[in-house]
Amino acid sequence: MNEPLIRRMKLEDVEQVHAVETASFPKPWTLADFTREMTANVCARYLVAERDDRVIGFAGAWIVLDEAHVTNIAVLPAFRGQGIGRKLTEALLQYAANLGVTYATLEVRRSNQAAQTLYRSLGFEYVGVRKRYYEDNGEDALVFCCQQMPSAEESFEEAETRKE
């Protein structure tokens, strides 16, 4: 099976990303939410995993100064278990590090053992709990933080990144 291409999300990916989100979460973000992320949120950065011109997964974060807050990571059910979520998360952490991020945070459902195992394997550590965080069922969210960011790639440049 060919490796997916991991690339920066574009506005024209929004519908496919929304389809991945809808297939992955009980209370998905709306199409308008993703459009707003791409057009109005200066902190938002998203990557997609693409195979045969089809978006099969995505990962996003809000970059604020030296912090990345991971918003969502999802892979279509038919493509799970192939390491795509890991590749997306690693690529998102590298991208964030390239932007000057020194640590990343995220929330994960208490019941999502697979995601917790992935995050721990990438250097995330449990730091706390948000009680009844998820609106669909009142499940707690575990808060994780990663301070083991990859080294920034010296050749990285991004036109829209502000440098002062």
Side-chain angles (χ1 to χ4, degrees), residues 1-9 13 16-30 33-34 37 41 43-52 54-153 156:
M1 193 171 290
N2 60 337
E3 285 292 311
L5 169 68
I6 306 290
R7 63 168 175 79
R8 180 87 187 267
M9 183 176 156
D13 297 320
Q16 290 186 70
V17 166
H18 181 251
V20 174
E21 173 88 357
T22 300
S24 301
F25 299 112
K27 192 163 174 143
W29 287 16
T30 66
D33 291 332
F34 284 107
E37 288 291 279
N41 185 348
C43 298
R45 297 291 191 279
Y46 285 82
L47 302 176
V48 296
E50 184 180 73
R51 185 178 285 156
D52 301 322
R54 177 182 179 200
V55 173
I56 59 173
F58 74 98
W62 294 332
I63 309 294
V64 180
L65 301 175
D66 64 342
E67 176 190 356
H69 179 73
V70 177
T71 56
N72 33 21
I73 299 170
V75 175
L76 283 172
F79 296 93
R80 292 182 189 155
Q82 300 176 26
I84 297 166
R86 170 177 287 280
K87 286 178 178 48
L88 277 164
T89 308
E90 289 172 338
L92 186 64
L93 292 174
Q94 181 63 63
Y95 184 37
N98 290 347
L99 294 172
V101 165
T102 60
Y103 69 101
T105 62
L106 58 79
E107 292 94 6
V108 60
R109 286 180 184 268
R110 185 182 293 277
S111 64
N112 193 342
Q113 294 299 318
Q116 291 175 45
T117 299
L118 169 64
Y119 300 143
R120 284 189 173 100
S121 75
L122 293 172
F124 282 86
E125 296 179 17
Y126 168 80
V127 294
V129 64
R130 295 190 197 278
K131 293 284 188 190
R132 303 188 55 75
Y133 181 79
Y134 292 98
E135 294 177 15
D136 64 310
N137 65 358
E139 185 174 358
D140 293 347
L142 304 183
V143 181
F144 281 77
C145 181
C146 178
Q147 294 179 297
Q148 301 173 24
M149 298 295 289
S151 297
E153 298 167 332
F156 178 83

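Just the heavy atoms: all of them, side chains too, but no hydrogens, waters or symmetry mates, feed the values below. Keep in mind that what you see is a predicted model, and the values were worked out from it rather than measured.
Between Glu3 and Arg51, none of the side-chain N atoms (NZ, or NE/NH1/NH2) sits under 4.0 Å from a carboxylate O, so this pair counts as no salt bridge. Comment: Glu90 engages Arg86 in a salt bridge, judged by a side-chain N to carboxylate O separation of less than 4.0 angstrom. Between Arg7 and Asp13 there is a salt bridge, since at least one side-chain N of the basic residue sits less than 4.0 Å from a carboxylate O of the acidic one.
Side chains of Val20 and Val75 form no contact here, defined as non-hydrogen atoms less than 4.5 Å apart. When side chains are defined from C-beta on, Arg54 counts as touching Leu76, because their heavy atoms get closer than 4.5 Å. In this structure the side chain of Gln116 reaches within 4.5 angstrom of the side chain of Arg120, judged on heavy atoms. At least one side-chain heavy atom of Ser111 sits under 4.5 Å from a side-chain heavy atom of Glu139. By the 4.5 Å heavy-atom criterion applied to side chains, Arg8 and Arg45 are counted as neighbours. With contacts defined as side-chain heavy-atom distances shorter than 4.5 Å, the pair Leu106/Val143 does not qualify. Side-chain contact between Glu50 and Pro4 is absent, with no heavy-atom pair separated by less than 4.5 Å. Side-chain contact check for Leu118 versus Thr89: some heavy-atom pair is nearer than 4.5 Å.
Separation of the Phe58 and Phe34 ring centroids falls under the 6.0 Å cut-off. Centroid-to-centroid, the aromatic rings of Phe124 and Tyr119 come within less than 6.0 Å.
Scanning for side-chain hydrogen bond (donor to acceptor under 3.5 Å, both in side chains) contacts around Lys27 gives Glu135, with sequence neighbours left out. Partners of Thr105 by side-chain hydrogen bond (donor to acceptor under 3.5 Å, both in side chains), not counting sequence neighbours, listed by chain and number: Glu67, His69.
Remark: the backbone N or O of Val55 is paired with a side-chain donor or acceptor of Gln16 at under 3.5 angstrom. Checking side-chain atoms of Asp140 against main-chain N and O of Arg132 turns up a donor-acceptor pair under 3.5 Å.
Here the straight-line distance linking atom CG of Leu99 with atom CG of Leu65 works out to 12.0 Å at 0.5 Å rounding. The CD atom of Glu107 lies 6.0 Å from the OH atom of Tyr134; values are rounded to the nearest 0.5 Å. Note: Ile56 CD1 to Phe79 CZ = 5.0 Å, rounded to the nearest 0.5 Å. Tyr103 contributes atom OH, which lies 11.0 Å from atom CE of Met149 (distance to the nearest 0.5 angstrom). A distance of 5.0 Å separates CG of Asn137 from CZ of Arg109, quoted to the nearest 0.5 Å. Expressed to the nearest 0.5 Å, how far CZ of Arg110 lies from CZ of Arg130 amounts to 13.5 Å.
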*Run the numbers on Glu37 and Tyr46 for side chain to side chain donor-acceptor pair (under 3.5 Å), then give the verdict.*
CA-CA 9 Å; Glu37 288 291 279; Tyr46 285 82; 2.7 Å; yes

*Can you check side chain to side chain donor-acceptor pair (under 3.5 Å) on Ser24 and Arg80, steps first, answer last?*
CA-CA 11 Å; Ser24 301; Arg80 292 182 189 155; 3.0 Å; yes

